[in-house]
Each structure stands twice: as structure tokens, then as C-alpha cells.
Amino acid sequence: QVNYVGPGRRIKTLVINPDEAALRPGESQQFTYTGFDSSDVAMPDDSVPVHFVTTNARVATVNAAGLVQAQQSPGSLQRFGGLNHSRRRL
């Protein structure tokens, strides 16, 4: 059986993987996401409007695809995470 899940359907849950990462300056981590609709069916990426952003580019940068690059910072190890939880109901 094939179910079409496209634009216009409501996102029920957004899962970010990994839920957190610990990086030293210069290291990177790829974050990915999957959106699920109200029937808990995974939605195509192009129908899930996710934008990765950083609140402090001196600590980390992130590109549109979710690749986080740890920058020079006072501490030697930084923790990063998405949405505060890896599984978030919207």
C-alpha cells in the first residue's frame, strides 16, 4: 500500500537525529530530521519546512543541510542538540 503524504498535511511529530552531539572545535556533526503526519507516516523532506540555525556563530555554524561545525570557544567541548528533545510533537 502506498500513501501519499504531501504539502498541506499537518506535521504531528518532528524527529531530529542525533538528539545531541558533543564536539570539540573543528569537529562536525550532521543532523537530520524526519517529519511525521497525524497518521504517524513519515513525510517527504520537501514537505517538511525545517531550517537549521545557530544562535551563536562563535560557538558553532550550521548550514542549510544541518551540518554543524564547532568553532573556537572558551571550553574545549560543546554540546549541541535539536529542539531540546529528539522527538517533538507539534
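- Atom CD1 of Ile16 is separated from atom CZ of Phe52 by 5.0 Å, given to the nearest 0.5 angstrom.
- The backbone N or O of Gly26 sits less than 3.5 Å from a side-chain atom of Gln69, completing a donor-acceptor pair.
- Here the closest heavy-atom approach between residue Lys12 and residue Asp37 is recorded as CB-O, 3.4 Å.
- Atom CG in Asp45 sits 7.0 Å away from atom OG1 in Thr34 (nearest 0.5 Å).
- Two residues are said to be in side-chain contact when any heavy atoms from C-beta on lie closer than 4.5 Å; Val41 and Phe36 fail this criterion.
- For Thr54 (side chain) and Ala60 (main-chain N/O), a donor-acceptor pair under 3.5 Å exists by modelled atom type.
- Looking at heavy atoms from C-beta onward, Gln71 lies in side-chain contact with Thr61 at the 4.5 angstrom threshold.
- The structure places OH of Tyr33 at 12.5 Å from CG of Asn17, a figure rounded to the nearest 0.5 Å.
- Counting only heavy atoms from C-beta outward, the side chains of Leu23 and Val68 approach each other to under 4.5 Å.
- Judged purely by atom type and a 3.5 angstrom limit, Gln29 has no side-chain atom pairing as donor or acceptor with the backbone of Pro18.
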